[in-house]
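Only one structure is covered here, and it is reproduced in the block below.
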There are 4 protein chains.
Amino acid sequence: MPDGEDKLVGEFPFFPKQERAQQKRKALIDSGYALFNSKGYDLTTAKEIASHAGVATGTFYRYFSDKRQLLLSLLEDKLENFLPPEPSWIAGDPETVLISLLETHYKRLEEVGLHRVLPELIAKDPELADVLGKARRKIHESITSGLQQAQEQGLTWSDMDVDTLSWAIMVLVENGPDKENQCGRKIDCKEMASLICRMVFPPEVLKQLRKQEIEIQE
Amino acid sequence: MPDGEDKLVGEFPFFPKQERAQQKRKALIDSGYALFNSKGYDLTTAKEIASHAGVATGTFYRYFSDKRQLLLSLLEDKLENFLPPEPSWIAGDPETVLISLLETHYKRLEEVGLHRVLPELIAKDPELADVLGKARRKIHESITSGLQQAQEQGLTWSDMDVDTLSWAIMVLVENGPDKENQCGRKIDCKEMASLICRMVFPPEVLKQLRKQEIEIQE
Amino acid sequence: MPDGEDKLVGEFPFFPKQERAQQKRKALIDSGYALFNSKGYDLTTAKEIASHAGVATGTFYRYFSDKRQLLLSLLEDKLENFLPPEPSWIAGDPETVLISLLETHYKRLEEVGLHRVLPELIAKDPELADVLGKARRKIHESITSGLQQAQEQGLTWSDMDVDTLSWAIMVLVENGPDKENQCGRKIDCKEMASLICRMVFPPEVLKQLRKQEIEIQE
Amino acid sequence: MPDGEDKLVGEFPFFPKQERAQQKRKALIDSGYALFNSKGYDLTTAKEIASHAGVATGTFYRYFSDKRQLLLSLLEDKLENFLPPEPSWIAGDPETVLISLLETHYKRLEEVGLHRVLPELIAKDPELADVLGKARRKIHESITSGLQQAQEQGLTWSDMDVDTLSWAIMVLVENGPDKENQCGRKIDCKEMASLICRMVFPPEVLKQLRKQEIEIQE
DNA sequence: AATGAATGAGCGTTCATTCAT
DNA sequence: AATGAATGAACGCTCATTCAT
């Protein structure tokens, strides 16, 4: 039987094998994501993930070499979401900019969710730790370069250490409002933004930048 | 007959029961500590700990009800070491004070070592997470009250939010130089102290405090 | 292409999944049965049962939640076989009736075999003891009511205590010829029947009933 | 140092080594007995028995080669108590004699208590089963010979099978009032005695024997 | 003789992974 | 390509027994 006839029969609705496979892969990733988040990595079994995805146990291993690999796939495309976005410091009132940046970031983090299992994993998967470390280093660099620009324009504290500062910003953002076991009070994005601004800009610069902002709006 | 000879005959090797038991317990704790640190909590089995300590599996269970209990014993007297010390803000140059405080803290942390497995544990042992959470909340409170005092004396930024600030200080200290997966550069205690001071004190106050310090020294 | 050829090619060896699973389950049950009988319940481990059945340890747990459950499956449909049948006292010569009843019962018991482990189990599984106890109570009741009928028809000893008697019959039957550790001689069904009859009927009634039997046959 | 001096010092209160050892042995046996009865043989550990007896674990193994041996010692001197006493059939009213015999027996059984763990043990200790079997056979013989004597004196049913009968008596007594999982009603010694008498003696003989009894009393 | 800490084989059970269908 | 039954190593833990003191 020629190919053509086959196609004519089955074409519409039509899923090429690749696509169907991609769908299954997607289902597995989604299930892994859901289960890792709700029960933790260790307590989730490959069998569970498969059955939650509506496929057989063995199928899991057609798409992923093992449980760990699924996790890595999971992180792959969501990795950047775990990390704070690169702020742009000089376009308008930095505080306002930061606030919206932070709010967006935390909303995404909450959506991604996976951040709750990461500590468990990093502790026992050095490779994963490495992957994450690299990503963080990239973010760190981008924050650093942003700060450097601002510093070159004379906007920041003159004696500021760019590296330390960008590390501090990163750490603060990463340990922001969502982290569990926090110290009672929920951290507020507005206060956080204000704090970060104080670390970067002297008060008079901040006032200046804020005024510009208003002028631009007008 | 001199003491020395006596010792040579009957005393050495001589360990009263209790002491021998304590030695074994110690060996197990040490092995647990070493293995938890090197392989992570999960990947360490009770059998391994026992054999690393040079005792049989069953012996492990004479001293500890299970792996978790050994861990708790491990943490028990070291818990406060994981947490940053309470800074005193107004006695002299805050930056100098902070630097020595931080250095001491990180030295202790490095000694304790266990901090590397904590994230993994917190993730899967809610009780432990709770214990740690409480301790952190206490530290948070003490930082807050210190800041409040300083604020009442007009030493700090007037528009500073004490809660947010003490949270930030805590987070920064906890994620300090030692944390793995850091962003390339090692964080320096001096820079960190300087950053924290900037978050708390306006530059002129800081200068003032520093001067007082010098005067006192003279 | 005729069916026959098709069969020869694809069907043998062919076992639908279900059937294969059932076979394995069967093999496990059989192995459990054999090992329980030969070594006793306690001394038989799940691992042994599995390897005796030619499957891996884990396979055992696919089919049974644990050793006890396998046992219960073993008993499930055989329970009634452990217990004596309800005799019918007035249809013909009671002795003949009893003999065949007893013989059937003991043959079945021997087939079931499991009765040899029951005492051990009852001793340590209160739930099972309860199940068995209930079944015995039912049998006891049915024997009692049969005796009562006979008594009402004036066939039995007039001063007979129905309860005690039915208990005695039950106990005798249960501890019949097959029981281990017996006192040397094997108990004979004929003699047993004769003894039970003597406990129930006065000699003259027995003679009468026997005569009727003959008349009916004629 | 001569023996004499030793004695003078230690003599009163004086326990020769043997006696002290015997005391410990006794304590262990008692503890084993108590614990076996309350928790069952399997669930009782050697350590428990030792500590219940107030001695060290190791001491247990000085007196008994293992747990099983303690059990056997336990049975040794109590064995005959598990088994029904040999009735004497011709001295007076057999029913009265039997009743008191049975009552004594069951009281003793209750005291011995151990009968509750026996089934568990017999199932998995063939040697023990053998020991018990032998004892039972002895009792069986003695009952048989008693019945034989009575039969020779023409006191019993003439067509009675002595073997079967003595087996029946034994079984009934052994499964008497105390057995667990019984059929609701408690069995009464009086009724039991009456039943046994009916199995042995024709009514008129029984009446006769009872009359003699009265005459003897007068 | 007595101690009780130490032993380690072995239990029941789980689950990542394989493989016959 | 998909299935899911089967695998078996490894886990945490117990306890009868040994042995150094």
Side-chain angles (χ1 to χ4, degrees), chain A residues 17-18 20-21 24 42-51 54-70, chain B residues 13-18 20-21 23-25 42-51 53-68, chain C residues 10 13-18 20-25 42-51 53-68, chain D residues 17-18 20-21 24 42-51 54-70:
Chain A
K17 274 176 192 171
Q18 285 231 349
R20 298 190 88 221
K24 256 172 201 172
D42 257 22
L43 297 179
T44 303
T45 70
K47 201 177 182 175
E48 271 176 321
I49 297 171
S51 91
V55 303
T57 321
T59 306
F60 179 96
Y61 288 89
R62 176 162 298 281
Y63 292 98
F64 303 96
S65 63
D66 54 21
K67 202 169 69 163
R68 185 174 169 276
Q69 215 222 59
L70 181 138
Chain B
F14 173 74
F15 297 103
K17 271 171 204 168
Q18 285 233 349
R20 296 196 91 222
Q23 265 182 217
K24 227 140 233 187
R25 205 188 125 90
D42 253 26
L43 298 180
T44 304
T45 72
K47 243 179 184 124
E48 270 177 322
I49 297 172
S51 91
V55 303
T57 320
T59 307
F60 179 94
Y61 289 93
R62 170 169 296 282
Y63 292 100
F64 305 97
S65 63
D66 55 18
K67 203 169 62 162
R68 187 173 174 274
Chain C
F14 172 76
F15 297 104
K17 270 170 206 169
Q18 287 234 349
R20 298 197 88 222
Q22 283 314 311
Q23 264 182 214
K24 225 138 237 187
R25 206 188 125 90
D42 252 26
L43 298 179
T44 304
T45 71
K47 243 176 184 126
E48 270 176 323
I49 297 172
S51 91
V55 301
T57 320
T59 306
F60 179 94
Y61 289 94
R62 170 171 296 281
Y63 292 98
F64 304 97
S65 64
D66 54 19
K67 206 169 61 165
R68 187 173 174 274
Chain D
K17 275 175 192 174
Q18 286 231 348
R20 298 190 89 221
K24 264 184 190 161
D42 257 22
L43 297 179
T44 303
T45 70
K47 199 177 182 176
E48 270 177 321
I49 297 172
S51 91
V55 302
T57 321
T59 306
F60 180 96
Y61 288 90
R62 176 162 299 281
Y63 291 99
F64 304 96
S65 65
D66 55 20
K67 204 169 72 163
R68 184 174 169 275
Q69 214 221 60
L70 181 139

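Sequence lines set the chain letters: A, B, ... in the order given, protein chains first and strands last, and positions in each chain run from 1. The shown structure was predicted, so the numbers you read here are calculated from the model rather than taken from an experiment.
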* To do: Check every atom of dA10(F), dA5(F), dA2(E) against the side chain of Lys47(C) and return the nucleotide holding the closest atom.
  => dA10(F)

* Asked: Taking CZ from Phe60(C) and C1' from dA9(F), how many angstroms apart are they, rounded to a whole number?
  -> 19 Å

* Interatomic distance, Asp66(B) CG vs dC13(F) C1' [rounded to whole Å] -> 10 Å

* With a non-hydrogen cut-off below 4.0 angstrom, is Thr57(A) in contact with a base, only sugar-phosphate, or nothing? -> base

* To do: In whole angstrom, give the distance that lies between atom CG of Asp42(A) and atom C1' of dC11(F).
  => 13 Å

* Return no unless some side-chain N or O of Tyr63(A) is found under 4.0 Å from OP1 or OP2 of dA2(F). => yes

* Can you tell me the distance, in whole Å, between the CZ atom of Phe64(B) and the P atom of dG12(F)? => 15 Å

* To do: Just compare dT17(E), dG12(E), dC13(F) and give me whichever is closest to any side-chain atom of Ala46(A).
  => dT17(E)

* Asked: Between Thr45(C) and Glu48(C), is any pair of side-chain heavy atoms under 4.5 Å apart?
  -> yes

* Asked: When all nucleic acid strands are considered with a 4.0 Å heavy-atom cut-off, which category describes Thr59(B): base, sugar-phosphate, or nothing?
  -> base

* Just name whichever nucleotide pairs with dT13(E), Watson-Crick or G-U, keeping both distances under 3.5 Å, else none. => dA10(F)

* Asked: Between dC11(F) atom P and Ile49(B) atom CD1, what is the distance in whole Å?
  -> 12 Å

* Asked: Between atom CZ in Arg62(D) and atom C1' in dT21(F), what is the gap in whole Å?
  -> 13 Å

* What pair of heavy atoms forms the shortest contact from Thr57(A) to Lys47(A), and how long is it? -> OG1-CG, 3.8 Å

* **Nearest-neighbour nucleotide for the Val55(C) side chain, dT7(F), dT7(E), dG4(F) considered** => dT7(F)

* Please give, in whole Å, the distance from dA16(F) P to Gln69(D) CD? -> 15 Å

* Sort out the partner of dA20(E) for me: Watson-Crick or G-U wobble, both distances under 3.5 Å, none otherwise. => dT3(F)

* Select from Lys24(D) and Tyr61(C) the residue whose nearest nucleotide in DNA chain E is closer to the 5' end of that strand. => Lys24(D)

* Under a 4.5 Å cut-off applied to non-hydrogen side-chain atoms, are Ile49(D) and Phe60(D) in contact? -> yes

* To do: Decide yes or no for Gln69(A) and Tyr63(A): does some side-chain heavy atom of the first lie under 4.5 Å from some side-chain heavy atom of the second?
  => no

* To do: By nearest nucleotide on DNA chain F, pick out whichever of Leu43(D) and Leu43(B) is the more 5' one.
  => Leu43(B)

* Structure fact -> Closest non-hydrogen atoms of Tyr61(D) and Asp66(D), given as atom of the first, atom of the second and distance, are CE2-CA, 4.0 Å

* Asked: Whole Å only: how far is the CD atom of Gln23(C) from the C1' atom of dA5(F)?
  -> 13 Å

